> 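Here you go, one structure.
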Amino acid sequence: MSRRMNRGPAVLALAAALATWVGSARAQDLDVGSETARRAIHVCASCHGDGGRSKSPAYPSLAGQPAAYTARQLMDFRAQQRAEADSKAYMWGVSALLDDGSIQALAAYYEKQTPPAGRSKAPAALLRTGQKLFQEGSASQGIRACAACHGDHAEGAAGFPRLAGQHADYLVSQLKIFSTRLRPHGVLMKAETASMTPAQMKAVAAYLQSL
Ligand code: HEC
Ligand code: HEC
């Protein structure tokens with residue numbers, strides 16, 4: 001895919017920016033207002049968009065994501081535990097450059113950014129199906145209400161990610177990955193996704209992107 005083509009240069013630019021930021025910095029300099037931090041964030045933005053509001057469905061939005069969740073994902077990439085092909089190709093190299101302090105600083109930065117606005121071209125019936133699954137789950141399939149963990153408005157909290165406004169394609173890809181071993185911290189999601197049909201995944205993802 002074409003998005004693969006810019007990975008090398010982006011990671012090299014990030015390496016340069018981060019080497020200055022992480023290498024020269026003491027904890028107090030990890031302040032994301034610093035010039036070197038801004039340069040590092042600029043590299044994340046080349047894929048994840050300005051302020052973490054991604055314009056491309058190939059890259060998840062990070063804006064408004066609870067800091068604890070973002071920090072955990074960066075640590076999981078760095079430990080090579082979140083191991084789906086796109087994670088390996090894009091985030092293993094990036095996260096290897098981050099120490100714990102810079103992970104916390106980046107996570108705190110993204111939590112403060114304004115989340116992406118909801119958008120949808122999906123048919124109303126699909127959105128209603130998705131909304132019902134999100135709010136009520138499906139008792140007959142053993143699927144709990146998504147809202148119980150992700151929040152009534154899918155706003156997320158602590159280790160539970162924000163899903164509102166996220167790209168539907170990315171959400172579906174992750175729902176499929178949870179039934180594999182490639183996202184071990186998704187263990188809470190295994191029961192939910194094991195019995196979910198592809199049509200249900202599509203519906204709930206369309207609903208979430210619209211929020
Ligand atoms: C070259 C492109 C690229 C760059 C640069 C990049 N990322 Fe990513 N990032 C991705 C892709 C692609 C994914 C989705 C991986 C998947 O689908 O498994 C991702 C996933 C993530 C996730 C998980 C999001 C979620 O909802 O679970 C976080 C957090 C993240 N990136 C943070 C960062 C940070 C912080 C930086 C800068 C230090 C950065 N990324 C730089 C491409 C990139
Ligand atoms: C018991 C709590 C719980 C329930 C119920 C639950 N989730 Fe989750 N979900 C989580 C946790 C925890 C994570 C983060 C996993 C990780 O850290 O890797 C997550 C992650 C996700 C992600 C990945 C987000 C990202 O940015 O990568 C998606 C998509 C998701 N959940 C969708 C759903 C949907 C749809 C439902 C309802 C059908 C649902 N969840 C029900 C706890 C839950």
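Atoms within a ligand are numbered from 1 in the order they appear, just like the ligands themselves. What you are looking at is a predicted structure, and each value in this text was computed from that prediction instead of being measured.
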> Does the distance from a Lys or Arg side-chain N to an Asp or Glu carboxylate O, for E84 and R183, drop under 4.0 Å?
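Salt bridge flag = no for R183 with E84.
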> Starting from the N and O atoms of ligand 2, find every protein N or O within less than 3.5 Å and list the pair with its distance.
unit_1	atom_1	unit_2	atom_2	d
ligand 2	7 (N)	H150	NE2	2.8
ligand 2	9 (N)	H150	NE2	2.9
ligand 2	17 (O)	Q73	NE2	2.9
ligand 2	18 (O)	R183	NE	3.2
ligand 2	18 (O)	R183	NH2	3.1
ligand 2	26 (O)	Y69	OH	3.3
ligand 2	27 (O)	Y69	OH	3.1
ligand 2	27 (O)	Y170	OH	2.7
ligand 2	27 (O)	R183	NH1	2.8
ligand 2	31 (N)	H150	NE2	2.9
ligand 2	40 (N)	H150	NE2	2.8

> So does D100 pair up with R78, basic N to acidic O under 4.0 Å?
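Counted as a salt bridge, because a side-chain N and a carboxylate O are separated by less than 4.0 Å.
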> Show your working on side-chain contact (heavy atoms from CB on, under 4.5 Å) between M91 and L74 and close with a plain yes or no.
CA-CA 8 Å; M91 289 305 301; L74 289 169; 3.7 Å; yes
> With sequence neighbours excluded, tell me which residues meet side-chain hydrogen bond (donor to acceptor under 3.5 Å, both in side chains) with Q141.
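Expected list: S138, Q200.
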> Rest of the hydrophobic cluster containing I177 (Ile/Leu/Val/Met/Phe/Trp/Tyr, side-chain heavy atoms under 4.5 Å)?
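Listed partners: L182.
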> Has C44 got an N, O or S atom lying less than 2.8 Å from atom 8 (Fe) of ligand 1?
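No.
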> Who pairs with Y170 by ring-ring contact (aromatic ring centres under 6.0 Å, His included), at least two apart in sequence or on another chain?
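ring-ring contact (aromatic ring centres under 6.0 Å, His included) check on Y170 returns nothing, list empty.
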> When you look at NZ of K55, are more than 12 heavy atoms from neighbouring residues, nucleotides or ligands closer to it than 6.0 Å?
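Not buried by this count: 12 neighbours or fewer within 6.0 Å.
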> Would you check if atom 8 (Fe) of ligand 1 lies under 2.8 Å from any N, O or S atom of Y59?
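No, since none of the N, O or S atoms of Y59 sits under 2.8 Å from atom 8 (Fe) of ligand 1.
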> For ligand 1, which atoms have a heavy atom of V43 less than 4.0 angstrom away?
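Result: 5 (C).
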> With a 3.5 Å cut-off and no angle check, do the side chains of H167 and R119 form a donor-acceptor pair?
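Yes, side-chain donor-acceptor contact under 3.5 Å.
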> Less than 4.0 Å is my threshold; does some heavy atom of A58 fall inside it relative to ligand 1?
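Judged by the 4.0 Å heavy-atom criterion, A58 does count as contacting ligand 1.
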> Has the side chain of S179 got a donor or acceptor atom that lies under 3.5 Å from a matching backbone atom of L175?
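Flag not set: sc S179 to bb L175 has no pair under 3.5 Å.
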> Under 4.0 Å from a heavy atom of L74: which atoms of ligand 1 are those, numbered in the order shown and with their elements?
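Close to L74: 32 (C).
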> Using a 4.0 Å cutoff against the non-hydrogen atoms of E84, which atoms of ligand 1 qualify?
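Within the 4.0 Å cut-off of E84, ligand 1 contributes 16 (C), 17 (O), 18 (O).
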